[in-house]
Amino acid sequence: MTARAAREGRPARTPAGSWRYRPVVRQALAVGIATGAYGISAGALAVAAGLSVWQAMATSLLLFSGGSQFAFYGVIGTGGSPVAAVAASTLLGVRNGFYGLQLVRLLDVRGWRRAAAAQLTIDESTAVAVGQEDRTDQRVGFWTTGLAVFLLWNAMTLAGALLGTALGDPRALGLDAAAAAAFVALLWPRLRGRDPLAVAALAVLLTLVTAPLAPPGIPVLVAAVAALVVGLPGGSRRPA
Amino acid sequence: MTLWVAVAAACALAYALKLAGYLVPHRLLEVPWVARVTPLLPVALLSSLVVTQAFVGDRTLVLDARAAGVAVAVVALLLRAPFLVVIALAAATAALLRAVS
């Protein structure tokens, strides 16, 4: 902290009121804008999958977790049952619980602040918070990223849902291909290391085998087994 | 109506999982196998969703404009394009192929 402050030519002790000049705020806002912007695809894909504008907004406001939202839209959009959609969305949300486990030590929140922190616990806010060394930076990073993503994500979801409704036929616009591409883009940064690649290969295989046999939405849940097959016997190996 | 119930259930379960991390005693969740499986779960589900969204139609495997869109998306990701550019290119590819075919 002190060394970094000296390197950047600012006082080591930042006055309480000047937290907004911390570099972490710039980082948080950059992440917030980049992530929030693609809320427009969430809104557009939600209505393309058959959700109403209000249902699209409910998922962005209350579910507020990109991967889970896209999974929910994907299962509904390809004709899967609502139960399968809820299951896929929930399995993708398990990781947020583990983020909370890390954040509870950094944030020290109680009461309504804890309730709010839980809702803002997503990939981006966790990544920015745990990436800081200084305790204040961690907290400022978490709250700034979380709030920036939340506000922009919801505004852009509304824009995307209204735009999607106005533009009409989702297939003619290639929105089904956009949904597939969204999953590829969400998957991409997670494919580092041997275990994730093995899981991905096994999940693809399980899906190809079960898709012609099972109703839509079920193959995704079957594919979740790939994480258990690769992860359970991992013994001493560290996840990459 | 059923869809609203599903939306409400998905939202409630998502929040319950988020809050659980702040409330559940650490020892219950800090089991080694849970720590190994958790980061792999999104990889399995997202990989499967790519396949169902791009290559499955009406319970058969198909190769259509969506696959072309995904191929373009992969190239865009290799070139480090941002998220929105990736999916816009995929949509444009599929839309264009359908418009000319």
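The basis for the numbers below is simple: all heavy atoms, side chains too, and nothing from hydrogens, waters or symmetry mates. Letters go in sequence order (proteins before strands), and every chain restarts at 1.
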- Message: For chain A, which candidate among B:Leu3, B:Val5, B:Leu97, B:Leu89 shows the most heavy-atom pairs at distances under 4.5 Å?
- Response: B:Leu3
- Task: Tell me, out of B:Val74, B:Leu49, B:Leu84, B:Thr93, who's got the most heavy-atom pairs with chain A below 4.5 Å.
- Result: B:Leu49
May I ask you to test the [X]-[Y] pair for a side-chain heavy-atom distance under 4.5 Å?
X        : Y        : answer
B:Tyr22  : A:Leu107 : yes
B:Pro82  : A:Tyr38  : no
A:Val199 : B:Ser47  : no
B:Leu41  : A:Arg95  : no
A:Arg190 : B:Pro39  : no
B:Leu17  : A:Asn96  : no
A:Leu92  : B:Pro42  : yes

- Task: Have a look at A:Val230 and tell me which of B:Val37, B:Leu40, B:Val43 forms a side chain to side chain contact (heavy atoms under 4.5 Å, CB included) with it.
- Result: B:Leu40
List the atom of [X], the atom of [Y], and the distance in Å for their closest heavy-atom pair.
X        : Y        : result
B:Ala94  : A:Gly174 : CB-CA, 3.9 Å
B:Cys11  : A:Ala58  : SG-O, 3.7 Å
A:Ala185 : B:Leu77  : CA-CD1, 3.9 Å
B:Leu78  : A:Trp188 : CD2-CZ2, 3.6 Å
B:Ala95  : A:Ala172 : CB-O, 3.1 Å

Does any heavy atom of chain A fall under 4.5 Å from the side chain of [X], the backbone, both, or neither of them?
X       : result
B:Val56 : side chain
B:Ala54 : both
B:Leu23 : side chain
B:Leu61 : side chain
B:Val70 : side chain
B:Ala90 : both

Could you give the distance from [atom1] ([X]) to [atom2] ([Y]), rounded to the nearest 0.5 Å?
X        : Y        : atom1 : atom2 : result
B:Ser48  : A:Ile218 : OG    : CD1   : 11.0 Å
B:Thr2   : A:Ile76  : OG1   : CD1   : 9.5 Å
B:Ile87  : A:Leu45  : CD1   : CG    : 6.0 Å
B:Trp4   : A:Ser52  : CH2   : OG    : 5.0 Å
A:Leu187 : B:Leu46  : CG    : CG    : 5.5 Å
A:Leu208 : B:Thr52  : CG    : OG1   : 10.0 Å

Under a 4.5 Å heavy-atom cut-off, does chain B meet the side chain of [X], its backbone, both or neither?
X        : value
A:Thr90  : both
A:Leu197 : neither
A:Leu202 : neither
A:Val109 : side chain
A:Arg171 : both

Between [options], which shows the greatest number of heavy-atom pairs under 4.5 Å with chain B?
options                              : value
A:Leu61, A:Leu91, A:Thr35            : A:Leu91
A:Gly74, A:Ser68, A:Ala214           : A:Ala214
A:Gly50, A:Ala71, A:Ala117, A:Pro219 : A:Ala117
A:Leu173, A:Leu120, A:Thr78          : A:Leu173
A:Gly77, A:Gly80, A:Pro215           : A:Pro215
A:Ala88, A:Ala34, A:Gly67, A:Ala182  : A:Ala182

If you count the non-hydrogen atoms of other residues, nucleotides and ligands that lie under 6.0 Å from [atom1] in [X], is the total more than 12?
X        : atom1 : value
B:Arg80  : CZ    : no
A:Arg114 : CZ    : yes
B:Arg59  : CZ    : yes

Quick one: does [X]'s side chain have a donor or acceptor within less than 3.5 Å of a partner on [Y]'s backbone?
X       : Y        : value
B:Tyr15 : A:Phe64  : no
B:Lys18 : A:Leu63  : yes
B:Arg36 : A:Leu232 : yes

- For B:Arg98 and A:Asp176, what are the C-alpha separation, side-chain angles and deciding distance, and is it a salt bridge (charged side-chain N to carboxylate O under 4.0 Å, His left out)? CA-CA 12 Å; B:Arg98 282 173 184 149; A:Asp176 48 354; 2.8 Å; yes
